[in-house]
Engineer: 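Before we start, here is the structure in question, set down as structure tokens.
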Amino acid sequence: ILNVEQSPQSLHVQEGDSTNFTCSFPSSNFYALHWYRWETAKSPEALFVMTLNGDEKKKGRISATLNTKEGYSYLYIKGSQPEDSATYLCASAPSYNTDKLIFGTGTRLQVFP
Amino acid sequence: GAVVSQHPSRVICKSGTSVKIECRSLDFQATTMFWYRQFPKQSLMLMATSNEGSKATYEQGVEKDKFLINHASLTLSTLTVTSAHPEDSSFYICSAPLGPGQTQYFGPGTRLLVL
């Protein structure tokens, strides 16, 4: 994998459903993985920064895991709510000596009441 | 959390004019800020790294004379799109890390439309 890729591109779920999306990144060139939540007309909101293989982080109903050896991260949302509707972006930081981020195209989540 | 503001949020200009976009870190100092551009249905693409007190570093394919960056203080970076053309129409967004390797905080972005 040369770029950061996210799937699916979009997702529609019912309120209360749990969901997850994937972020794939180049494992050979990796320092940290960032997840952001981006609502329309607002600033992207930082969710997690993960660096270690096997890392698992949680913030309320949202959690993320990281596999640096195979180059993927999962984001999980438990019991989705309409306010979770947003685009979820992941970004790879390929080097420890720069804060440059390489973004995926995002997963657009819509939660219906 | 830390706050980054960006101004203006939206601008429409005529072809050939220059447009300045400001990015401010409101409650922290940022020696480095980043400028990204996003075309429809594409990812955020890094354009340049803005360095306080020194020249910006540009990504491959980004014209430094077209996109002038100034980072004159620890809380303000500006991006000037010079002699804008319709193909420069895009969404421009800035970010600033709290510190090296730390979370980056984003502005809300600027939508530029060049007629």
Side-chain angles (χ1 to χ4, degrees), chain A residues 1-10 21-26 29-52 55 57 59-60 62 64 66 86-108, chain B residues 1-10 21-28 30-52 56-60 62 71 77 91-111:
Chain A
I1 297 171
L2 297 177
N3 297 315
V4 176
E5 296 170 3
Q6 290 187 249
S7 65
Q9 208 168 47
S10 65
F21 356 111
T22 306
C23 172
S24 303
F25 56 87
N29 215 21
F30 174 82
Y31 172 65
L33 195 283
H34 296 236
W35 278 101
Y36 288 88
R37 180 174 175 276
W38 195 4
E39 288 183 74
T40 305
K42 294 187 178 179
S43 302
E45 173 197 351
L47 290 174
F48 307 113
V49 180
M50 297 185 288
T51 55
L52 299 176
D55 246 356
K57 294 208 173 180
K59 188 176 181 178
I62 305 176
L66 179 66
T87 296
Y88 291 83
L89 296 176
C90 73
S92 170
S95 172
Y96 71 94
N97 61 3
T98 172
D99 285 312
K100 288 184 186 181
L101 295 179
I102 301 170
F103 279 87
T105 51
T107 292
R108 188 176 174 86
Chain B
V3 178
V4 173
S5 71
Q6 199 172 329
H7 179 81
S9 58
R10 190 182 295 266
I21 303 170
E22 291 187 349
C23 178
R24 290 181 189 275
S25 55
L26 297 185
D27 48 2
F28 67 103
T31 54
T32 302
M33 291 184 175
F34 297 95
W35 287 97
Y36 294 85
R37 179 168 54 180
Q38 185 183 38
F39 291 109
K41 301 201 176 185
Q42 294 188 22
S43 59
L44 293 174
M45 293 295 292
L46 182 65
M47 298 175 66
T49 304
S50 174
N51 304 299
E52 188 269 333
T57 45
Y58 291 82
E59 296 301 300
Q60 197 170 12
V62 178
H71 195 151
S77 173
F91 182 78
Y92 295 85
I93 190 168
C94 66
S95 75
L98 269 185
Q102 296 194 39
T103 299
Q104 289 194 30
Y105 291 88
F106 281 81
T110 297
R111 188 159 298 283

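Computed from a predicted model, the values in this text were never measured in an experiment. Throughout, protein chains are lettered first and strands after them, A, B, ... in sequence-line order, and every chain is numbered starting at 1.
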Engineer: Parallel, tilted or perpendicular: which one describes the rings of B:Phe106 and A:Phe103, with boundaries at 30° and 60°?
Structural biologist: perpendicular

Engineer: Would you mind checking which part of B:Glu59 comes under 4.5 Å of any heavy atom in chain A, side chain (CB onward), backbone (N, CA, C, O), both or neither?
Structural biologist: side chain

Engineer: Which of the residues B:Thr103, B:Leu44, B:Thr32 is involved in the greatest number of heavy-atom pairs with chain A at under 4.5 angstrom?
Structural biologist: B:Leu44

Engineer: Do you know the tightest heavy-atom contact between A:Trp38 and B:Gln38?
Structural biologist: CH2-OE1, 3.6 Å

Engineer: I'd like to know if the side chain of A:Tyr36 reaches the main chain of B:Gln104, judged simply by a donor and an acceptor atom lying under 3.5 Å from each other, with no hydrogens or angles considered.
Structural biologist: yes

Engineer: Can you confirm whether more than 12 heavy atoms, excluding those of A:Met50, are under 6.0 Å from its CE atom?
Structural biologist: yes

Engineer: Using every non-hydrogen atom in the two residues, find where A:Lys100 and B:Thr49 come nearest and quote the distance to one decimal.
Structural biologist: CE-OG1, 4.2 Å

Engineer: Show the nearest heavy-atom pair for residues A:Asp99 and B:Gly99, with the distance to one decimal.
Structural biologist: OD2-O, 4.0 Å

Engineer: If you count the non-hydrogen atoms of other residues, nucleotides and ligands that lie under 6.0 Å from CD in A:Gln9, is the total more than 12?
Structural biologist: no

Engineer: Can you give me the closest heavy-atom contact between A:Ser43 and B:Gly107, atom names plus distance?
Structural biologist: OG-C, 3.1 Å

Engineer: Kindly indicate whether the side chain of B:Ile93, heavy atoms from C-beta on, has any atom under 4.5 Å from the side chain of A:Pro44.
Structural biologist: yes

Engineer: With a 4.5 angstrom heavy-atom cut-off, which part of A:Leu89 approaches chain B: side chain, backbone, both or neither?
Structural biologist: side chain

Engineer: Please look at A:Lys42 and chain B and tell me whether the side chain, the backbone, both or neither of the residue comes under 4.5 angstrom of a heavy atom of that chain.
Structural biologist: backbone

